[in-house]
Amino acid sequence: MLEREVRANLVYRAFTRIGDEKVPDAKTLARLGQLMEPKVIEQLHQRVVELAQERGVTQGKEVAGGYDSGGKQHSLSDR
C-alpha cells in the first residue's frame, strides 16, 4: 500500500525526495525496515511526525497502530 501511495502521489514523491525515480517495491521497503533497529524506526517516525506538524499537515493526533514481534496489537503512542 505504501508503495502504491508514493507511486501515485506527487506530494509523497516530493516529501520522500524520490521525484521521478523508481519507487522501491514493497519487498525492498520491508527489507530496509528489517535492517534497522526498532529505535531507529521510532526516531524516523518521530521526525516525520515533527515535519508534518511543522508544515501543518497533521496536528499530531494518533491515526495508526501496529503489531509487535509477538503479534500484540498496540498504538503508536504505546511505544
Side-chain angles (χ1 to χ4, degrees):
M1 180 152 176
L2 178 61
E3 173 191 357
R4 181 178 55 206
E5 289 293 324
V6 173
R7 207 175 334 127
N9 190 307
L10 293 176
V11 174
Y12 288 158
R13 285 179 163 275
F15 180 77
T16 58
R17 298 182 184 193
I18 289 176
D20 294 335
E21 299 295 322
K22 184 178 181 227
V23 176
D25 62 26
K27 195 173 194 179
T28 300
L29 291 172
R31 279 192 212 132
L32 291 171
Q34 290 171 349
L35 291 173
M36 295 181 205
E37 295 290 325
K39 186 68 175 169
V40 173
I41 293 173
E42 182 180 336
Q43 290 170 342
L44 286 170
H45 176 263
Q46 186 58 39
R47 182 64 181 139
V48 168
V49 170
E50 289 170 5
L51 290 170
Q53 288 172 334
E54 287 172 11
R55 288 167 174 75
V57 177
T58 183
Q59 295 179 12
K61 295 180 181 175
E62 182 181 316
V63 295
Y67 293 86
D68 63 20
S69 60
K72 180 182 173 203
Q73 187 174 13
H74 59 86
S75 70
L76 293 175
S77 60
D78 289 344
R79 292 183 172 196

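- Annotation: side chain to side chain contact (heavy atoms under 4.5 Å, CB included) contacts of E50 (sequence neighbours excluded): Q46, R47.
- The distance from the CG atom of N9 to the CD1 atom of I18 is 11.0 Å, given to the nearest 0.5 Å.
- Heavy-atom contacts from other residues, nucleotides or ligands closer than 6.0 Å to CD of E21 number 12 or fewer.
- Listed by chain and residue number, F15 satisfy the side chain to side chain contact (heavy atoms under 4.5 Å, CB included) test with V48 (two or more places apart in sequence, or in another chain).
- Listed by chain and residue number, T28 satisfy the side chain to side chain donor-acceptor pair (under 3.5 Å) test with D25 (two or more places apart in sequence, or in another chain).
- Every residue two or more places apart in sequence or in another chain that forms a side chain to side chain donor-acceptor pair (under 3.5 Å) with R7 is listed here: E3.
- Taking both residues in full, the closest heavy atoms of M36 and V40 are given as SD-CG1, 4.0 Å, listed atom of the first, atom of the second, then distance.
- In this view, K39 and E42, Q43 satisfy the side chain to side chain contact (heavy atoms under 4.5 Å, CB included) rule, not counting sequence neighbours.
- R13 pairs by the salt bridge (charged side-chain N to carboxylate O under 4.0 Å, His left out) definition with nothing, not counting sequence neighbours.
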